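Read the structure below first, then the notes.
It should be emphasised that the depicted structure is a prediction, and the values quoted were computed from it without experimental measurement.
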Amino acid sequence: MAVGTARKVIRAARLIDGTGAAPRTNVAIVVSGTKIASIEPWREELRAGATVYEYPVETVLPGLVDAHCHLSLLGAGLRYEEEIPHSNEFMAVTAVYNAQVMLKSGVTTLRDNGCRDSIMFGVRDAMDRGLLVGPRMLIAGRPVTMTGGHFSWCNGTADGDDEIWREIRKLVQEGADHIKIMASGGGTEGTNPGLPSYTAAELRIAVTAAHHYGRLTTAHCRATQAVANAVEAGLDSIEHAEFNGPGDLIEHLAEGPNHKPAWDEEVAKRLADSGTYASLTLPGSGYAAFSLLRDKLDREGSAALTPAERTELERGELAQEGRAENVRRLLGLGMLPRIVVSSDAGPFDIEFGKLWQGLEVAVAGGMSTMQALQASTYTAAKSCGVLDKVGTLEVGKEADVLVVEANPLDNVRNLRDVVAVFKAGERVVGA
């Protein structure tokens, strides 16, 4: 993407800067090159020698930061086992398409937390060279996982200390921005979200290796014991932060779910007292169908729903309340400064470009709308190690700007109505 050198001014009716400060009205973001040169009250003199973008009624805020997605997956309701037959070439093209969807939704920075082989390194490098337009990307590459573990089809299997070190060395050499390790089972067939994968000692080896090469770490944690292990090992971040235990029957005998909720106050308190961030992937599988049914209910009334739709809506409401309750509990333990809201877009039916859905669940769980916005801007950028560049609208930072029609502080669903997106000072979405 060619970067213009001329001075630009973005005039905003309302500006939310992402720092938590109160919104400002009738202000100007002055852009020099790719960075914010100043943010000041609007005055007509700023027009001189500048390209001016005027948003007289809209709200301007930082570009969103989605700290957890999988661009090479379709987000179209497929199980992993239905995605695996796709070629690496197909997955790369899918990633390019999904990156553009994300950008159009206002996500200007994202963290891809797992792909097969080296697919996403090439996509990121093409973006960085300006061959493609998309968000700036932080890429994990292959997740480090145990034999037969979650995402083992990505070919990042490592068992024991030596293999973990070796795999992380390979990833760093190939260009990994951070290291993702699977600390529990997940949605991959044959794994269990209620059981840990690695021990705390093994996770500590991963942290040591990654930090040796200057890389941050994050761990997939859906099991309560995996959360405990990750905190003990000193992971920089954990993903999902679910609290599950194994089901009543071992997996190959169970006909129902192989895991069940297992909240542990002591483990959660250790998480809250640590320096570890929790990247909460709040929409979750099922939200797409739930959202459509809820919209139908609002539009047409309950009489328009079939009995099956009413049952599905009730199931969706229970699932979202469960996720909101997880937020509520973590907030109660003082976790707010390290809660990140991210999407996990890609697996199953979790759609790209709908980060607002997770913010909606966060608000239902007790966050203010400002806090929820910060969880996908300021806090997300901080957890990914890029707060010096993005996440807030401040002088010296990259001019990544999202413009929406209405104030998202009134309703986070207003993030859906994107008017324009600027990345590094260039308008890449909108007229």
Look at [X] together with [Y] and state whether they make a salt bridge at an N to O cut-off of under 4.0 Å.
X: E266; Y: K269; value: no
X: E54; Y: R11; value: yes
X: E309; Y: K296; value: yes
X: R24; Y: D17; value: yes
X: K8; Y: E426; value: yes
X: R79; Y: E189; value: yes
X: D264; Y: R270; value: no
X: K354; Y: E360; value: no

Smallest separation among heavy atoms of [X] and [Y], with atom names:
X: A140; Y: K180; result: CB-CB, 3.9 Å
X: S376; Y: L359; result: OG-CD2, 3.3 Å
X: S197; Y: G185; result: OG-N, 3.5 Å
X: A200; Y: A233; result: O-CB, 3.5 Å
X: W356; Y: S291; result: CH2-OG, 4.2 Å
X: V421; Y: L103; result: CG2-O, 3.5 Å

- Message: Between L393 and I39, does the side chain to side chain contact (heavy atoms under 4.5 Å, CB included) criterion hold? Intermediate values first, please.
- Response: CA-CA 8 Å; L393 298 177; I39 301 176; 4.2 Å; yes
A side-chain contact here means heavy atoms from C-beta on lying under 4.5 Å apart; do [X] and [Y] qualify?
X: L110; Y: P135; value: yes
X: I16; Y: V60; value: no
X: L71; Y: M102; value: yes
X: M335; Y: L280; value: no
X: V386; Y: L138; value: yes
X: L373; Y: L61; value: yes
X: L293; Y: E312; value: yes
X: L271; Y: T276; value: yes

So how far is it from [X] [atom1] to [Y] [atom2], rounded to the nearest 0.5 Å?
X: E242; Y: R323; atom1: CD; atom2: CZ; answer: 7.0 Å
X: I139; Y: D177; atom1: CD1; atom2: CG; answer: 6.5 Å
X: I238; Y: S279; atom1: CD1; atom2: OG; answer: 9.0 Å
X: I29; Y: S38; atom1: CD1; atom2: OG; answer: 9.5 Å
X: L73; Y: E83; atom1: CG; atom2: CD; answer: 4.5 Å
X: D117; Y: N155; atom1: CG; atom2: CG; answer: 4.5 Å

Looking at [Y], is its backbone amide N or carbonyl O close enough to the side chain of [X] to form a donor-acceptor pair, meaning the two atoms are under 3.5 Å apart?
X: K260; Y: N244; answer: no
X: Y198; Y: T145; answer: yes
X: S237; Y: T218; answer: no
X: R310; Y: S302; answer: yes
X: K389; Y: A381; answer: no
X: N414; Y: N407; answer: yes

- Item | Within 6.0 Å of NZ in K104, more than 12 heavy atoms from elsewhere | no
Are [X] and [Y] close enough that a side-chain donor and a side-chain acceptor fall under 3.5 Å?
X: D344; Y: H68; value: yes
X: W42; Y: E40; value: no
X: H220; Y: E239; value: no
X: T19; Y: T392; value: no
X: T59; Y: R14; value: yes
X: N88; Y: R116; value: yes
X: T281; Y: H240; value: yes
X: D66; Y: S343; value: yes

- Message: Tell me which one of R215, R142, R124 satisfies salt bridge (Lys or Arg N to Asp or Glu O under 4.0 Å) with E174.
- Response: R142
- Message: Ring-plane angle category for Y80 and F348, please: parallel below 30°, perpendicular beyond 60°, tilted otherwise.
- Response: perpendicular
- Task: Determine the interplanar angle of the Y287 and F290 rings, folded into 0 to 90°, and report it as parallel if under 30°, tilted if 30 to 60°, perpendicular if over 60°.
- Result: perpendicular
- Message: Ring centroids only, cut at 6.0 angstrom: are F151 and H70 within range, meaning strictly under it?
- Response: yes
- Decide if the gap between the ring center of F352 and the ring center of Y97 is smaller than 6.0 angstrom. no
- Task: Take T51 and R7 through the side chain to side chain contact (heavy atoms under 4.5 Å, CB included) test and state the conclusion after the steps.
- Result: CA-CA 7 Å; T51 300; R7 190 169 65 93; over 6 Å; no
- Query: For L203, which of L235, V231, T217 qualifies under side chain to side chain contact (heavy atoms under 4.5 Å, CB included)?
  - Reply: L235
- Item | Cation-pi geometry met for R329 and W263 (6.0 Å, 45°) | yes
- Task: Give the intermediate values and the outcome of salt bridge (Lys or Arg N to Asp or Glu O under 4.0 Å) for residues R328 and E321.
- Result: CA-CA 10 Å; R328 205 171 289 122; E321 174 52 33; 3.1 Å; yes
- Task: Mind running side chain to side chain contact (heavy atoms under 4.5 Å, CB included) on F422 and V428 for me, showing each step along the way?
- Result: CA-CA 6 Å; F422 295 78; V428 291; over 6 Å; no
- Message: Using side-chain hydrogen bond (donor to acceptor under 3.5 Å, both in side chains), reason through H178 and N113 one step at a time and then give a plain yes or no.
- Response: CA-CA 9 Å; H178 63 285; N113 270 339; 2.8 Å; yes
- Query: W153 and T188: side chain to side chain contact (heavy atoms under 4.5 Å, CB included), yes or no, with the steps?
  - Reply: CA-CA 9 Å; W153 51 271; T188 299; 3.7 Å; yes
